Structure formats: C-alpha cells, structure tokens
2 protein chains.
Amino acid sequence: MTNAPREIENLIDLMARLPGLGPRSARRAVLYLIRKRGLLLAPLADAMHQVAVTARECVVCGNVSTSEVCDICTSEKRATGELCVVEDVADLWAMERASVFKGRYHVLGGTLSALDSMGPEELRIPKLVQRVVDEGITEVILALNATIDGQTTAHYIAEELEGRCAVTSLAQGVPIGGELDYLDDGTITAALKARKAL
Amino acid sequence: MTNAPREIENLIDLMARLPGLGPRSARRAVLYLIRKRGLLLAPLADAMHQVAVTARECVVCGNVSTSEVCDICTSEKRATGELCVVEDVADLWAMERASVFKGRYHVLGGTLSALDSMGPEELRIPKLVQRVVDEGITEVILALNATIDGQTTAHYIAEELEGRCAVTSLAQGVPIGGELDYLDDGTITAALKARKAL
Ligand SMILES: [Zn+2]
Ligand SMILES: [Zn+2]
C-alpha cells in the first residue's frame, strides 16, 4: 500500500491493530520507531518479546503476572481480610496508583451482560465466593464502573455473598456513567474512604 | 506505578514514548497485547526486531529501505527524468498510495526553518542539485506541505535549480496550511495533474 519494504508494511499492519491506533497513526509511529531504531525500536522489540514469553494470568485473582500467583496474592502484608473486586486489570492498576487499598483483588474480566453473554462463571464469581470462604475474607469492596452493567454485576455479587461477609462499594466521587480508569487518584481515595454498605 | 511486574512496566514506559500514545493509552495497549500475546504481541515483537535489524535510509533518496539503495531508486521503470521532492517518508508513502507519480523521489527530512536551524545541507539540497545533474532530471516536482516553512523551502529549491531543469509544484487541491499526509488520493492526483511552473 505504501510501497515500503515487506518488513515495514508488516509492522505497520500489526501496529494498526492496537487500540487507539489507526492506519495513519500506525504509519507515523513506525516512521518514528525507524528514526529511533537504536534507542526505542530495538528495546521495544525486546520488551515485547519478554512480556510475550513471561506474561500470564494470576490463577488466584486474575491479575497479570509473570508467575503462577501474582505478587499481591503472594504478599502476606496484603492478607488484610479485604478483597477489592474490579472489572479488569486496568482498574486494578488505577486502584494501585491511588495507593490507598492495602488488601487483595479479584479481577472479574468483565461485567454481567446479556449482550456479551458473560455469565457468573466467566466472571469468576463462583471463584470469588470460594475465596471469601477459604481466605477468611471479612469485607468485599466492589470497585466496579458506574455503568448499568457494572451496577448489575455489583448487585449480583452482593446477593451471592449475603451472610458471608460485608459487601461495600466505592461511593462518593465515582461519576454516573464514569469509568474507573479515567479517575484521578484523589477521587479514588475519596470514593474508597466513603464506601457504603450495600 | 501500577505495581505490575517489571517487564510489563518497562513495556508500558516504552509504548508511552510512541507519538499519539500517552501513559493511559500505553497501559490499555499493553493489556490488549497481553490478552492477544500469541496472535499479536509475539508477531509484533518479531516484526519490530526485523525492522530494527534491517531498516535503513536509502543513500540516494532518503526513503526508508532494507537495502543500501531503495526499490524505487533501483527500479529502471522509475527513471522517468522526474524527481518528486517531499518533506518526509510519510509524504512519499502518501504519493505512492495515490499511484499517480511514476518517477523517483528525494526526501528532504524536514523544511528550511530558522527555528529548528535546519539548513540546506541537513535537507540534502546540495545532493538534490547533484542528482538533477547526474541523473539527467528534466523536471523536479515539489510536493511540499502548504505551510510557511514548506513554501520557503520550495522557493529556495526553485532558485537553486534555476536553469538546470523545470521546477513545478503540486497546486490545485492542496489546502492552505494543510499537510500532505492528511489528503485523500484523489486530491493528490488532482494536485499533481494541475501542477504549475514556479
Ligand atoms: Zn493474584
Ligand atoms: Zn531511494
């Protein structure tokens, strides 16, 4: 399409498949990488190879990890009896950036949705109930997006956990329709501190 | 910052240095890549490695290439006596997508600018004059961006080439202040066909 060498066309095609990059920004990115091939392209190739080889899902919580069980699940310091339920790893990272939650996580990998036909099993909800029992969890904090699907999922989980532990949710500061990963650290901190019982 | 494993943090940091990607879109892209590590991340690592090892600048025209002299400069079919001068390789690719120009290119790598202290030497303008003589060029088509710097550069080149060959520029269809790489193929075709003598 650009009459560039095959290797370069191939790289543009793959880059254009990244979220947020179309064909034009992929071409721009590839030209930028070629100009910085020693300083950026070669290190990026190595970093991608490293992650391709090592990245996996924590078998306990669903976090991304380079070991079977992630650092947070392994750390004894994080065994506070609190479990924070998030939709995806980007939300877990947003919570960690706020540095306010000291417990462990449970990553659903989505929300209950009729449209996507995601059921409780796909979202590891039975696994969550099992963890509450096995790990002696006293409080599950639902840090789900303030969307319809997020709130439907929150209510389903609250019902499943009824009588087993306290179930709270992030409250103050999460805007209606807002997504967690867009919030600043201060807002997340305020929302966690003002969490309310469901 | 995200408490992710070192390999993953490193990949996010490198991705965030790409044009058009900030920290947040870099995190999103990396999570997407991890989910698609077999289908996308590993091939992308390989493609980057391939390009890092093979990509270079054509010694004749400044195009990106995997050999010392690029395919366009090597192809006898492209020895039409016409040379198209572009600011960067993205513009060369835009011309090639339009499939209307059959000659060869000369990539300046920028424009004359007091601010960036880019002089004629950095822009390979002496090399352009030399090529006009050596390759028996009859027409130089200036396909520069319709910006102040682009037009300053066009006039400088026209003066340097005066009496050596015809010098024309893309005309009809290039919007004032517009950049070549944003134009559709039809506009580029029209502009080339309606080129005017400077
Ligand atoms: Zn874990
Ligand atoms: Zn060339």
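Lettering follows sequence order; numbering is per chain, from 1. Being a predicted model, the structure only gives us computed values, none of them experimental.
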(request) Please report the closest heavy-atom contact between A:Pro19 and B:Ala29, naming both atoms and the distance. (result) CG-CA, 4.0 Å
(request) Count the heavy atoms belonging to other residues, nucleotides or ligands that lie under 6.0 Å from CD of B:Glu68, then report whether that count exceeds 12. (result) no
(request) Of all the heavy-atom pairs spanning B:Pro5 and A:Ser65, show the shortest one and how long it is. (result) CG-CA, 3.9 Å
(message) What part of A:Asp88 gets within 4.5 angstrom of chain B, counting heavy atoms only: side chain, backbone, both, or neither?
(response) side chain
(message) Taking side chain as everything from C-beta outward and backbone as N, CA, C, O, which of these in B:Ile34 sits under 4.5 Å from a heavy atom of chain A? Side chain, backbone, both or neither.
(response) side chain
(request) Name the member of B:Asp71, B:Thr66, B:Asn10, B:Leu33 that forms the most heavy-atom pairs with chain A at distances under 4.5 Å. (result) B:Thr66
(request) Is it possible for you to say whether A:Val60 and A:Val85 belong to one hydrophobic cluster, with membership spreading through side-chain heavy-atom contacts below 4.5 Å? (result) no
(message) Please rank B:Gly20, B:Ala94, B:Ala90 by heavy-atom pairs under 4.5 Å with chain A and give me the top one.
(response) B:Ala90
(request) Please flag which part of B:Leu31 lies under 4.5 Å from any non-hydrogen atom of chain A: side chain, backbone, both or neither. (result) side chain
(message) Can you tell me which residue among B:Leu41, B:Asp46, B:Leu40 is in a side-chain contact (heavy atoms from CB on, under 4.5 Å) with A:Leu14?
(response) B:Leu40
(request) Measure the shortest side-chain to side-chain distance between B:Thr54 and A:Arg6 over non-hydrogen atoms and say whether it is less than 4.5 angstrom. (result) no
(message) Which one wins on heavy-atom pair count under 4.5 Å against chain B: A:Gly38, A:Ala55, A:Pro43?
(response) A:Ala55
(message) With rounding to the nearest 0.5 angstrom, report the CD1 to CH2 distance, A:Ile12 to B:Trp93.
(response) 3.5 Å
(request) Check whether any side-chain heavy atom of B:Arg35 sits under 4.5 Å from a side-chain heavy atom of A:Glu57, and report yes or no. (result) no
(request) Select, from B:Arg17, B:Arg56, B:Arg24, the one with the greatest count of heavy-atom pairs under 4.5 Å involving chain A. (result) B:Arg24
(request) Measure distances from B:Met15 to the heavy atoms of chain A and classify the residue's part below 4.5 Å as side chain, backbone, both or neither. (result) both
(request) Please list, in residue-number order, every residue in residues 133-141 of chain A that has a heavy atom less than 4.5 Å from any heavy atom of chain B; write 'none' if there are none. (result) none
(message) Please find the pair of heavy atoms, one from A:Ala52 and one from B:Arg37, that lie closest to each other, and give the distance.
(response) O-CD, 4.1 Å
(request) Find out whether A:His49 and B:His49 are in side-chain contact, i.e. whether some heavy atom of one side chain is under 4.5 Å from a heavy atom of the other. (result) no
(message) As an exercise: rank A:Val53, A:Leu44, A:Leu18 by heavy-atom pairs under 4.5 Å with chain B and give me the winner.
(response) A:Leu44
